[in-house]
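See structure below.
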Protein chains: 2
Amino acid sequence: MLRPMERADAARNRARILEAAERLFAAEGAPNVTMDDIARAAGVGRGTLYRRYPDRAAIALALLDEHERALQEELLRGAPPLGPGAPPAARLAAFYAAMVRLLDDHAHLVLGAETGRSRFTTGAYGFWRAHVRSLLVAADVPDPDALVEPLLAPLAPEVYGFQRDDRGLTAEQITAGLTRLADGVLGTPG
Amino acid sequence: MLRPMERADAARNRARILEAAERLFAAEGAPNVTMDDIARAAGVGRGTLYRRYPDRAAIALALLDEHERALQEELLRGAPPLGPGAPPAARLAAFYAAMVRLLDDHAHLVLGAETGRSRFTTGAYGFWRAHVRSLLVAADVPDPDALVEPLLAPLAPEVYGFQRDDRGLTAEQITAGLTRLADGVLGTPG
DNA sequence: CGGTCAAGTGGACGCAGTGTCCACTTAATG
DNA sequence: CATTAAGTGGACACTGCGTCCACTTGACCG
């Protein structure tokens with residue numbers, strides 16, 4: 001996007017790769033898809049694939065990033081309670097609800113991707129982080145930096161997947177739990 | 001332990017393997033240690049290693065399990081606030097503090113182990129889960145099942161590692177943040 | 001004690017996926 | 001067109017995984 005000129009064939013191949021990867025991830029489950037598979041499905045050579053994406057995780061994250069763009073927009077400029085205007089606790093709860101919806105929609109993509117620690121280095125994570133931090137500040141919580149990660153941790157794909165698949169919770173129950181978490185930490189006491 | 005008889009050589013090799021693995025994990029970092037390395041360092045054949053531990057994660061979890069035993073004992077029968085007797089919010093905070101200490105002590109072991117979802121299937125996780133759930137019940141929180149995982153999520157090694165290494169928080173700050181989390185969710189309102 | 005036999009051992013083997021490398025192709029520019 | 005640097009793709013060597021099976025060893029029994 002900012003790169004001083006991307007050749008037409010390069011752009012075409014990037015699109016092909018992402019499209020093929022999304023299809024394969026959905027069909028086979030992310031961990032079962034090899035770099036070879038993706039390259040072949042995209043009609044692209046091995047070297048071309050590696051030129052942009054050093055590993056599977058990079059591709060998965062690129063795809064997620066794309067889907068998360070819309071939500072980011074809403075957080076910044078949408079209507080309350082997701083957007084600005086509502087009290088912090090309500091905004092956090094709305095954010096949780098939206099994220100649960102997102103996780104549910106892209107479960108295939110995100111689950112089992114075994115993102116591990118690389119999850120934190122995404123652009124998207126930085127955005128969520130800044131958002132939650134600003135809510136903590138708005139709620140006058142002391143030392144907000146010590147609460148940001150604990151509040152974001154329940155949104156890790158592994159955690160969501162475990163609650164849903166192994167513990168048998170519905171998306172609604174999970175959202176309800178997170179809402180109580182938001183109220184507990186940010187809610188006006190008294 | 002319950003197995004109807006473990007041969008002497010088997011027991012000896014199990015000990016060797018765990019000892020070697022702990023040493024290597026600490027020295028090289030868990031993800032850089034191959035199954036081959038462990039087998040060689042333990043003076044044991046590849047097949048022997050695989051007989052018990054299907055992969056690296058299994059070994060790491062076995063080691064953690066061992067270290068977590070002591071804490072489990074304290075939770076059940078130790079003095080308050082860790083053991084029974086204190087109000088739920090205080091007990092949860094004490095549990096958090098103890099876990100942070102544990103994570104810090106075994107950082108080398110646990111960090112970068114990329115445990116992913118297998119973390120949830122440990123015996124230890126089941127124990128923490130039951131403990132936190134009982135605290136939620138004791139505090140008369142409705143639908144405790146929806147809050148257990150969110151409260152345990154911040155203790156994931158990845159999250160702790162990120163806060164400490166990338167965000168530059170101290171163990172004390174992290175503990176303080178978790179204490180506020182405990183108070184927010186379980187604390188007596190008013 | 002020595003014999004029996006299943007549990008336990010270890011390393012050779014085949015395989016799958018990774019990442020690199022470089023000779024070739026192709027889009028952009030004047 | 002000619003030039004040139006970005007981009008391409010597949011062959012290659014390598015590393016780590018997991019299995020398999022012929023051999024060893026410890027436990028138990030007569």
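The sequence lines fix the lettering, A, B, ..., with proteins before strands; numbering per chain opens at 1.
At distances below 3.5 Å, at least one donor-acceptor pair connects side-chain atoms of A:Arg91 with backbone N or O atoms of A:Leu75.
Distance from the side chain of B:Asn13 is smallest for C:dG10 among the nucleotides C:dG10, C:dG19, D:dC17. The side chain of B:Ala8 approaches D:dG26 more closely than any other nucleotide in the set C:dA27, C:dG17, D:dG26. Among the nucleotides D:dG18, C:dG10, C:dT18, the one closest to the side chain of B:Val44 is C:dG10. If you check D:dC17, D:dT8, C:dG10 against the side chain of B:Thr48, the one that comes closest is C:dG10.
Between A:Arg12 and B:Ala10, the residue anchored nearer the 5' end of DNA chain C, judged by the nucleotide with its closest heavy atom, is B:Ala10. Take the nearest nucleotide of DNA chain D for B:Asp9 and for B:Tyr50: the residue whose nucleotide is more 5' is B:Tyr50.
The phosphate of C:dG17 has neither OP1 nor OP2 within less than 4.0 Å of any side-chain N or O from A:Arg56. Taking 4.0 angstrom as the limit, A:Arg7 places none of its side-chain polar atoms (N or O) nearer than this to OP1 or OP2 of D:dA5. In terms of phosphate contacts, A:Arg52 brings a side-chain nitrogen or oxygen within less than 4.0 Å of OP1 or OP2 of D:dT8.
Looking at A:Arg51, its side chain has no donor and acceptor atom pair within 3.5 Å of the base of D:dT8.
Here C:dC21 presents its P atom at 14 Å from CZ of A:Arg46, a figure rounded to the nearest Å. Atoms CG (A:Leu49) and P (C:dT20) sit 12 Å apart, rounded to a whole Å. Between the P atom of C:dG10 and the CE atom of B:Met35 lies a distance of 15 Å, rounded to the nearest Å. Atom P of nucleotide C:dT18 and atom OH of A:Tyr53 are separated by 17 Å, given to the nearest angstrom.
With contacts defined as side-chain heavy-atom distances shorter than 4.5 Å, the pair B:Val159/A:Phe120 qualifies. Here the side chains of A:Leu151 and A:Leu136 are in contact, with some heavy-atom distance below 4.5 Å.
Ring geometry for B:Tyr125 versus A:Phe162: interplanar angle over 60°, hence perpendicular rather than tilted (30 to 60°).
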Apply side chain to side chain contact (heavy atoms under 4.5 Å, CB included) to residues B:Leu92 and B:Phe95 and explain how you reach the verdict.
CA-CA 5 Å; B:Leu92 182 57; B:Phe95 168 65; 4.1 Å; yes
